[in-house]
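Working notes, structure below.
What you see below is based on every heavy atom in this structure, not just the backbone, and it leaves out hydrogens, waters and symmetry mates.
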Amino acid sequence: MSMTGGDGFWWYVILEGKDGDEDVLASLAELSGSIGAEQQQGAERIRLRAYFRNSHDLGFWLGRLGEALEPWPNISIVDMGKIENRQWHTAWKDAFPPLDVGRSFVVLAPWHRGKEPVGRIPLYIYPGSAFGTGYHESTQIMLELLESHAFPGMTAVDIGSGSGILSIAAVKLGAADVTARDLDPAVIPEIEENCRLNDLPVGKVRVETGDLLRGFVSSVDCLLANIVLEPLLEMLPSVCSLLREKGVALFSGLVVREREQFLAALDRAGLVPLQELEKGDWWGVAAAPSTRNESANA
């Protein structure tokens, strides 16, 4: 994979928020697939220029940003356009140092191979255009939930898989079979490349294009979904029938202020929370069918 923009340019989009929104702006850029960003500080407002690959047209990236921006009405897009190729490769690489996540994992870009801390499970992820480098809080929440609820031999489905980091982590925690689904077929080569970087056997992670759970008929022990609120709510009614007897569903991509709305939706869908995690403004939850608790208490 090349880190330069093909045809000599990248797209850029400038986001603006109020002073103090620095972390939110950076998270929104990564969540939407940005390959780098620069902040511009003003008197009371702050701007962030996010760069995107030209492998998609600008409308595609604006759509990604639009989804990510929905919970943040105070953040706005103030400019966009094209910028000629710049030689910022070294700075780009330095933005992805090895990162310990949870009790078990260390996330590394492939150029840091050999720097793994002793006793941690390495996740080699190439920071491409797909979401899920491991540096976003919602991805870290999912990895921590996964290390608490995964078990050897489990089967899993990863909805909105992006880079494939959660599928790869599940395999490294002992999953026997993982299906990675994403609506965007452009992420498939990235998932396959990241599986190769992690020395996973061919076929251990099955990659397919799919819209949430539509057309997915298998039952699994673990559902992983690190996506935004609206598609999560759309998917929830289908989750219980998908999970096996001891199955668990892990959800993130949600901001803290969406917690109560999502917990109420879990209840309507017949799911109960088992564990909740927060990191910064982001929140995630592990849930299981309520019938399991009823059976255990019978």
Side-chain angles (χ1 to χ4, degrees), residues 1-6 10 26-27 29-38 50-56 61 64 85-144 146-147 150 156 158 160-175 178-182 184-207 224 226:
M1 290 185 183
S2 170
M3 291 190 298
T4 61
W10 289 290
S27 290
E30 184 177 348
L31 189 63
S32 60
S34 169
I35 60 168
E38 298 171 318
Y51 298 97
F52 299 89
R53 294 177 182 271
N54 64 12
S55 52
H56 293 284
W61 298 118
R64 282 269 194 100
N85 199 336
R86 299 164 54 199
Q87 299 303 314
W88 56 312
H89 300 51
T90 302
W92 192 86
K93 283 190 172 185
D94 290 345
F96 296 98
L99 176 71
D100 290 351
V101 178
R103 303 183 307 273
S104 306
F105 296 111
V106 58
V107 178
L108 305 102
W111 50 85
H112 291 305
R113 188 182 287 269
K115 300 179 182 178
E116 303 84 354
V118 175
R120 285 194 172 262
I121 300 169
L123 301 173
Y124 303 105
I125 302 296
Y126 193 102
S129 59
F131 177 66
T133 60
Y135 290 81
H136 192 276
E137 290 94 335
S138 67
T139 307
Q140 294 167 27
I141 286 170
M142 289 295 287
L143 289 171
E144 291 192 32
L146 183 59
E147 69 183 359
D158 180 7
S161 51
S163 69
I165 185 171
L166 301 179
S167 296
I168 292 165
V171 170
K172 291 199 172 188
L173 289 173
V178 181
T179 301
R181 304 189 104 216
D182 201 287
D184 181 8
V187 306
I188 291 177
E190 293 195 38
I191 298 173
E192 292 174 342
E193 172 67 6
N194 285 327
C195 287
R196 186 193 67 77
L197 287 172
N198 285 274
D199 302 315
L200 300 192
V202 175
K204 194 74 169 179
V205 174
R206 291 194 309 277
V207 187
L224 308 162
N226 184 25

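Taking 4.5 Å as the limit, some side-chain heavy atom of Leu173 sits within range of a side-chain heavy atom of Ile121. Glu193 has its side chain out of reach of Glu190: every pair of non-hydrogen atoms, C-beta onward, lies at least 4.5 Å apart. In this structure the side chain of Cys195 never reaches within 4.5 angstrom of the side chain of Lys204, judged on heavy atoms. Two residues are said to be in side-chain contact when any heavy atoms from C-beta on lie closer than 4.5 Å; Ile141 and Asn226 fail this criterion. Looking only at side-chain heavy atoms (C-beta outward), Leu123 and Leu143 come within less than 4.5 Å of each other. Contact annotation: the side chain of Ser163 never approaches that of Ile191 to less than 4.5 Å [non-hydrogen atoms, C-beta and beyond].
Interatomic distance, CD1 of Ile165 versus CD of Gln140, reported as 9.0 Å (0.5 Å rounding). Rounding to the nearest 0.5 angstrom, the gap separating the CH2 atom in Trp61 from the OG atom in Ser32 is 8.0 Å. Within the model, atoms OG of Ser167 and CG of Asn198 stand 11.0 Å from one another, a figure rounded to the nearest 0.5 Å. To the nearest 0.5 Å, atoms OH (Tyr124) and CD1 (Ile168) are separated by 12.0 Å.
Shortest non-hydrogen contact noted between Leu108 and Glu116 is CD1-CG, 3.9 Å. Between Ala170 and Leu146, the shortest heavy-atom distance links the atoms N-CD2, 3.7 Å. Closest non-hydrogen pair, His136 versus Glu30, comes out as N-OE2, 3.5 Å. Scanning both residues, Tyr126 and Pro110, for their nearest heavy atoms gives CD1-CG, 3.7 Å.
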### Query
side chain to side chain contact (heavy atoms under 4.5 Å, CB included) between Glu137 and Ser27: does it pass, once the steps are laid out?
CA-CA 8 Å; Glu137 290 94 335; Ser27 290; 3.3 Å; yes

### Message
Phe52 vs Ile35, test: side chain to side chain contact (heavy atoms under 4.5 Å, CB included). Steps then yes/no.
### Response
CA-CA 6 Å; Phe52 299 89; Ile35 60 168; 6.0 Å; no

### Task
Under the salt bridge (charged side-chain N to carboxylate O under 4.0 Å, His left out) rule, what do Asp184 and Arg64 come out as? Steps first, then yes or no, please.
CA-CA 11 Å; Asp184 181 8; Arg64 282 269 194 100; 3.6 Å; yes

Validation: residues 96-105 side-chain donor-acceptor distances under 3.5 Å, sequence neighbours left out:
unit_1 : atom_1 : unit_2 : atom_2 : d
Ser104 : OG     : Glu147 : OE1    : 2.8

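When each of Leu200, Asp158, Asn194, Thr179 is tested with Val205 by the rule side chain to side chain contact (heavy atoms under 4.5 Å, CB included), just one qualifies, namely Leu200.
For Arg113, there are no side chain to side chain donor-acceptor pair (under 3.5 Å) partners two or more places apart in sequence or in a different chain.
In this structure, the side chain of Asn54 does not engage the main chain of Trp10 through any donor-acceptor pair within 3.5 Å.
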